[in-house]
Amino acid sequence: MEYSKKVDQKWQKKWKEEEIYKYDPKKEGKKFYTMEMFSYPSGAKLHLGHWFNFAPADSFARFKSMQGYNVFHPMGFDAFGLPAENYAIKTGIHPEDSTLKNIETMKKQLDEMGGSYDWDYSVETCMPNYYKWTQWLFLQLYKAGLAYKKEAPVNWCDSCKTVLANEQVIDGKCERCGTLVERKKLAQWFFKITDYAEELLQDLDKLDWPEPTKKIQTNWIGKSEGAEVTFKGEKGDFEFNVFTTRVDTIYGVTCVVIAPESELVKKITTPDRKEAVENYIKETAKLNEIDRLSTERPKTGVFTGAYAINPINNEKVEIWIADYVLEDYGTGAVMVVPAHDERDFIFAKKYNLPIKSVIKIEGDEDRKLPFHDYGILINSEKYNGLTSSEAKEKIIEELAKKGLGKKTISYRLKDWLVSRQRYWGAPIPIIYCDKCGIVPVPEKDLPVLLPYDVEFKPDGESPLKKSKEFMECTCPNCGGHALREADTLDTFVCSSWYELRYPDAKNNEKAFDKETIDKMAPIDCYVGGKEHAAMHLIYVRFMTKALRDLGFLSFDEPFKRLIHQGLILGPDGNKMSKSKGNTVSPDEYVDKYGSDVFRMYLMFGFEYKQGGPWDEKGIDSMVRYFSRIEKLIETALKYKGKENNSEIGEKEEDLLRFKNLCIKSIGEDIDNFHFNTAVAKSMELLNKINDYIKENDKINEKVFYETIETYIKLLAPLAPHFTEEIWETLGHTTSIHKEKWPEIKENEMKGGTKDIPIQVNGKLKLCVTINVNDSNDEILNKIKSNEQVIDLLSKNNVVKEIYVPGKIFNIVVKK
RNA sequence: GCAGAUGUGGCGGAACUGGUAGACGCACAGGACUUAAAAUCCUGCGGGACUUAACCUCCCGUGCCGGUUCGAUUCCGGCCAUCUGCACCA
């Protein structure tokens with residue numbers, strides 16, 4: 001049957017009936033766990049990006065399976081989240097209804113793609129049998145002290161009376177109504193990811209991940225070594241710490257600045273400065289994080305009226321507040337050294353604070369301020385003349401003796417805020433008892449079901465808070481009146497452990513079985529977009545480590561190898577988006593050409609790790625390729641069983657040699673996600689086979705036929721339906737996907753000829769053909785007896801001859 | 001601002017640890033087949049010079065300028081452009 005969507009359907013039906021992608025943990029072969037980042041069913045359908053991610057990754061899984069691994073290749077849905085809720089607010093369609101419907105559609109599409117998934121091992125994070133365990137996981141972290149509650153600011157739209165996600169804040173305004181967004185403090189749940197900062201950083205070394213991604217994580221964790229220095233109030237009535245990486249510049253301190261949110265501010269502000277300070281705090285609160293951190297904005301701040309004592313020299317300095325100091329980094333307070341820090345310099349200039357230089361650079365004594373380079377200390381009393389790094393040690397030593405300082409390490413990484421004031425998420429399994437306070441929901445009472453009938457339109461309250469039925473409960477401790485936590489969990493919590501659930505997806509007793517997951521983990525290959533380099537990929541790593549420490553796992557890292565697919569852009573070169581109107585739907589192509597033509601085109605036309613602008617022009621070339629293959633198969637059938645020639649001559653040897661070369665390089669290419677070159681190589685093999693037919697009156701049926709079967713097997717992971725059809729045409733009654741990846745026959749690889757380039761001063765002059773089997777002496781002989789080479793050697797002033805065995809012969813001449 | 005990535009024909013893209021730059025394909029051009037077109041097949045296809053033409057030969061060419069090397073798309077230094085992250089991190 002000529003290839004079309006009909007062929008897809010025929011085989012999809014058959015595969016389903018025969019359950020050929022059923023995963024059996026007991027099957028022979030070493031386990032291989034490969035997965036793609038699961039998709040988010042917000043849109044109604046899979047888009048081109050999904051296809052580009054999933055189809056080649058599926059080919060990879062199929063290849064591994066042919067290699068003899070027992071491949072586990074699950075797929076699921078990250079089903080909770082904001083878009084479904086927003087969609088519901090807009091249309092009135094309940095998030096659960098739209099989500100479940102989308103999942104059905106997407107599953108169907110994934111089957112139409114030819115995905116080799118076993119849906120018995122699937123997760124949908126919005127289903128109670130999944131989020132029960134997400135809640136369980138929260139409880140484990142809570143018990144271990146890794147989940148805690150504290151006040152944290154949220155983006156608040158006072159007109160919509162709702163909390164906004166960062167992405168809903170556009171230019172500091174609410175995306176719906178344009179109201180200026182405020183920062184409001186709410187008590188929220190956090191996971192203590194910072195406890196794992198050091199290990200998360202160290203273990204990056206163990207991972208086979210793209211280097212840029214490791215770098216992003218390194219920066220995200222943001223380790224910096226420095227010191228905490230204690231400044232006391234001038235009357236000794238208060239004290240606070242500053243964090244600095246440049247304690248060597250401490251003699252240059254001309255003021256200290258604390259974050260406006262700091263509790264200390266109220267305490268120390270003098271009455272005459274109260275109004276100014278309070279106004280400033282109010283102004284700061286209006287700014288969202290993005291604005292506040294913008295480099296464009298001028299530095300601002302106000303004096304609190306209070307003074308602190310520099311512990312190194314007892315100098316009295318002013319205490320200011322300024323919004324460029326962040327409460328949650330370091331200690332929320334900095335010492336201002338205008339001479340050696342750009343931000344401090346601008347700040348000091350603006351408010352006429354003194355600027356005192358304490359570092360000089362040897363040989364560049366007149367260096368313009370500010371500069372932050374290390375140098376030699378000046379104006380620093382007994383430390384004058386020391387280098388920056390010597391001074392750091394000594395100064396810390398002195399401060400430590402006084403009990404006013406110590407070395408410390410600071411991380412940029414912040415604890416993970418997991419509370420969301422949303423409906424469509426997993427309820428946080430916490431109860432607030434009138435008497436007992438915070439009480440975790442007992443594990444036996446899980447799941448805390450998300451009620452269906454809830455008013456989720458924004459009107460100032462968390463949606464769940466409005467459901468009396470949900471909120472009212474009795475305390476598991478004392479039986480008294482209690483209320484439930486109304487917030488739900490960040491969806492990143494759901495996706496921080498799903499890879500653990502897949503192999504044991506139907507377990508009703510546990511989130512996952514330790515023995516099962518220890519056997520399956522770590523995931524051998526994880527494929528997904530690099531936009532998750534910082535958030536998702538750090539959260540999963542954290543969760544794995546936390547669960548390990550709680551005794552639920554015995555491995556340290558979830559994903560051994562990570563691959564990022566590139567981004568397919570719109571035809572205009574911009575990121576595809578509905579608002580730009582440049583989206584491309586895969587469905588029409590699949591209908592028109594069939595899944596395999598489409599997936600082959602995606603693999604051939606783009607570099608997998610790179611992506612690029614969509615261009616449909618090349619699809620026809622793939623249609624052409626398929627029909628050339630079909631034609632070849634017709635020819636093959638004509639020859640089948642007719643022995644014309646059993647001789648193995650040079651042409652047969654060449655063909656066999658090339659066949660083996662293809663087995664090797666196509667295999668390596670797929671293994672490395674270089675699908676474009678894998679397809680290219682397969683095209684070369686087709687050309688070689690066609691040449692063989694053309695150039696021979698009598699073909700060797702056995703060699704020819706074996707090469708063709710090998711060729712089709714090499715294509716099997718890439719074009720699963722098409723090759724299955726051909727396999728049947730060739731007379732096979734079992735699935736090609738149960739075949740083994742062809743073996744390389746070393747004896748067929750031997751021999752053949754090769755061109756050795758002859759260069760003069762690195763420039764190509766000619767090539768000399770040699771036999772691969774020749775010894776180096778023979779090769780050199782052949783080269784040196786070549787007439788043109790003799791000519792080159794005799795007419796030039798030869799300085800040197802360089803021969804790299806089997807590679808190149810270069811004659812160095814002097815002009 | 002900081003960090004990272006990328007830059008190769010008209011286009012998508014090849015080139016293993018430095019060793020024949022442009023694999024494979026698209027587009028294009030010419031030819032065969034056809035009444036014709038489509039499809040298919042064959043040939044050519046980085047730029048330039050020389051040449052009546054062909055073959056040869058030579059020069060230039062992997063963003064730009066330098067360096068290391070017998071030899072650089074590959075390594076090093078400096079620039080330019082584009083893209084992507086991160087955002088005053090003390």
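On a predicted model such as this, the values are computed, not experimentally measured, just so you know. Reminder, nothing fancy here: chain letters follow the sequence lines and each chain counts from 1.
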How are the rings of A:F598 and A:Y589 set relative to one another: parallel (under 30°), tilted (30 to 60°) or perpendicular (over 60°)? parallel
Does any nucleotide pair with B:C28 by Watson-Crick or G-U wobble geometry, both distances under 3.5 Å, and what is it? B:G44
Checking contacts here: which listed nucleotide (B:C26, B:C42, B:U20) is nearest the side-chain heavy atoms of A:D755? B:U20
Now, which nucleotide makes the Watson-Crick or G-U wobble pair with B:C16, with each of the two distances under 3.5 Å? none
Mapping A:V812 and A:K631 to their closest nucleotides on RNA chain B, which lands nearer the 5' end? A:K631
What about A:K299, does its side chain sit under 3.5 Å from the base of B:C88 through a donor-acceptor pair? yes
For A:F606 and A:A680, take the nucleotide of RNA chain B holding the closest heavy atom to each; which residue's nucleotide lies nearer the 5' end? A:F606
Return the value, rounded to whole Å, for the distance between atom NZ of A:K214 and atom C1' of B:G85. 18 Å
Taking atom types as they are modelled, would you say the side chain of A:Q759 forms a donor-acceptor pair with the base of B:G19 within the 3.5 Å cutoff? yes
Where the side chain of A:P212 is defined as all heavy atoms beyond and including C-beta, which of B:A90, B:G4, B:C26 is the nearest nucleotide? B:G4
Regarding A:G529, tell me which of base, sugar-phosphate or nothing describes its non-hydrogen contacts under 4.0 Å with the strands shown. nothing
Determine which nucleotide pairs with B:U6, using a 3.5 Å limit on both distances of a Watson-Crick or G-U wobble pair. B:A81
Give one of base, sugar-phosphate or nothing for A:D341, where a contact means two heavy atoms less than 4.0 Å apart. nothing
From B:G13, B:A87, B:G85, pick the nucleotide closest to the side chain of A:R412? B:A87
To the nearest angstrom, the NZ-P distance between A:K754 and B:U20 comes to 10 Å
Ring-face cation of A:K299 near A:F347 (centre distance under 6.0 Å, axis angle within 45°): no
Considering only B:G85, B:U20, B:C70, which nucleotide approaches the side chain of A:C767 most closely? B:U20
Taken to the nearest whole Å, NZ/A:K349 to P/B:C88 is 24 Å
Protein-proximity profile, nucleotides 55-62 of chain B, B/S/- by nucleotide at the 4.0 Å heavy-atom cutoff, equals ---S-S--
Need one value for A:K215: base, sugar-phosphate or nothing, where a base atom within 4.0 Å counts as base even if backbone is also close, heavy atoms only. sugar-phosphate
